[in-house]
Each structure stands twice: as structure tokens, then as C-alpha cells.
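Worksheet: one structure, shown below.
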Amino acid sequence: MAVNVNTVYQRILAITNKEQRGYITPQEFNTFANQAQLDIFEQYFYDLNQFLRIPGNQTEYSDMLNILEEKISVFEKTGITVTNGTTLPTDLYRLGSILNNCPSCREIEKITQKEWLYIRRSPLAQPTNEFPVYIRDNAGIKVYGTDNLQITSGIFANYTKVPTAVEWAANSATGLYNSATSVNFELHESEETELVIKILALAGIALKDNNIYALASGEDTKNVQQEKS
């Protein structure tokens with residue numbers, strides 16, 4: 001499931017061009033669209049944290065935790081090879097579990113740099129190849145096993161990836177929408193209205209139209225209140 005990029009763009013044009021407010025070019029739309037998609041995507045994780053603290057319900061289609069998990073699941077990747085046991089995937093957004101010994105897939109314990117200093121000095125806390133540990137830094141991860149030696153093969157990751165960049169593309173000859181070279185939103189199709197609202201708010205700023213911005217911001221605030229009431 002996905003949100004069609006052309007559907008959203010045509011709605012934006014229909015609203016912004018009413019009363020000749022201005023025109024949103026494809027380049028501007030693509031910029032606004034990707035910002036809106038990332039805003040909505042990032043909000044999933046804050047909402048998930050909030051609703052984990054609130055008792056859910058037994059209704060199949062209205063439990064907010066189930067709804068959020070369904071929306072996030074599209075972006076989840078499992079059992080992805082960590083190159084050379086160190087380099088994490090380039091599309092990583094939030095890291096989940098680090099695993100080894102797949103297909104049985106045993107989870108590797110994460111430790112901090114400070115903990116690693118103590119572990120290396122403690123004979124009883126030494127990692128092994130069966131029960132390794134890993135540290136994450138700006139270069140990726142480092143997995144250590146028996147004799148504190150780094151393990152560089154057979155390492156896998158579960159993670160949430162970043163949404164694919166959205167693009168509304170035109171046919172070079174006609175200037176009309178080209179579905180073959182365009183990229184749709186990856187968000188759940190239920191986010192179509194929210195995308196329109198957020199893009200409108202950004203368009204209002206670009207067009208210096210306070211009416212569009214106020215309308216979009218008001219709708220966005222109302223939606224947030226409804227979701228969290």
C-alpha cells in the first residue's frame with residue numbers, strides 16, 4: 001500500500017491555484033513532499049512511545065498501538081547482512097537487533113564503550129563467539145567474541161529503514177505526469193490527507209500566503225487532537 005504522488009500533487013495544485021494564489025512547481029512539490037513524509041514517519045515513533053504508556057482496547061481496528069505498528073512494519077527489514085561485520089546498511093533509520101549464528105539468529109548484547117573497558121578487564125565477563133557483544137560508533141558496529149577478537153562475518157541486523165525519497169516526474173516530451181519514473185509515497189494510504197495538509201502548510205510559507213498556512217496548520221492541529229484524545 002502506498003499514497004500516489006500524482007494524486008497528492010493534483011490536490012495541492014487544485015487548492016493553491018484557487019483564486020490564483022500561486023503555482024507549486026514539481027521541484028518545490030518534491031521538496032515539500034519529502035519533508036512531509038519524514039515528519040509523519042518520525043512522529044510514528046513518538047506516538048508509539050506515548051501509546052505504549054496508555055492501556056489499549058480490544059477493538060480490532062481502533063487500537064492505536066496496532067495501527068502504528070502496521071504503519072511502521074512497511075519499513076522494517078530483518079536479517080540484513082552487516083558488511084564486513086561492521087558497516088550498517090545505508091538506508092538505516094533506527095537500529096533494532098544485531099544477530100549472529102543465523103538462521104537460528106541469536107541476539108547480540110549491546111554495550112557502551114565504558115562497559116567494554118570493564119568487560120575486557122574482567123575474566124568472568126569476557127564475551128565468546130557464542131555470546132558476543134557489540135559496540136556502536138560513528139563508523140558502524142564492532143562485534144567482539146572469544147579472546148576479545150572482533151567478529152567480521154555472519155553478522156545480521158534488524159532495523160527500520162528510511163522512507164524512499166518521493167518524486168513527481170514528468171515526461172520529457174509532453175511535460176505530463178510520468179508514472180514510470182515517478183516515486184510514490186511509502187507511507188500507509190491512510191496518510192494521504194495528512195500529507196496534503198503538511199505539504200499545504202509548507203506551500204503556504206513558500207507562496208507567502210497566510211491563509212493557506214493557517215488552514216493547513218489548523219487542520220493538522222485538529223487531527224493531532226483527535227488522534228490523542
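When a residue number appears, it is its place in the shown sequence, counting from 1.
- Ring centers of Tyr9 and Trp168: under 6.0 Å apart, within the cut-off.
- Side-chain N/O atoms of Gln150 and Thr86 include a donor and acceptor closer than 3.5 Å.
- Taking every heavy atom of both residues into account, Ala170 and Gly175 meet most closely at CB-O, 3.6 Å.
- Under 3.5 Å, the side chains of Tyr44 and Glu69 contain no donor-acceptor pair of N or O atoms.
- Listed here is the closest heavy atom pair of Val5 and Phe185: CA-CE1, 3.9 Å.
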Requested in this report: Show your reasoning for whether side chain to side chain contact (heavy atoms under 4.5 Å, CB included) applies to Leu200 and Val196.
Outcome: CA-CA 6 Å; Leu200 275 177; Val196 171; 4.0 Å; yes

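- For Val183 against Ala165, the heavy-atom pair with the smallest separation is CG1-O, 3.2 Å.
- Looking at Asp39 and Gln43, their side chains never bring a donor and an acceptor atom within 3.5 Å of each other.
- Here the side chains of Pro127 and Asn148 are in contact, with some heavy-atom distance below 4.5 Å.
- Asn158 and Glu76 are not linked by any side-chain donor-acceptor pair at a separation below 3.5 angstrom, with hydrogens and angles left out of the test.
- Contact between Ile24 and Leu13 at its shortest, heavy atoms only, is O-CD2, 3.6 Å.
- For CG of Asp147, the number of neighbouring non-hydrogen atoms (other residues, nucleotides, ligands) closer than 6.0 Å is 12 at most.
- Closest approach of Asp91 to Lys77, counting heavy atoms only: OD2-NZ, 2.8 Å.
- With Phe75 as reference, Phe41 is the one residue of Phe41, Phe45, Tyr159 to meet the ring pair (Phe, Tyr, Trp, His ring centres under 6.0 Å) rule.
- With values rounded to the nearest 0.5 angstrom, Glu194 atom CD is found 12.0 Å from Glu192 atom CD.
- Using a cutoff of 4.0 Å between basic side-chain nitrogens and carboxylate oxygens, Lys161 and Glu186 are scored as salt-bridged.
- Of all the heavy atoms in Ala33 and Ile199, the pair that sits closest is CA-CD1, 3.8 Å.
- Phe156 is linked by a ring-ring contact (aromatic ring centres under 6.0 Å, His included) to nothing, counting only residues two or more places apart in sequence or in another chain.
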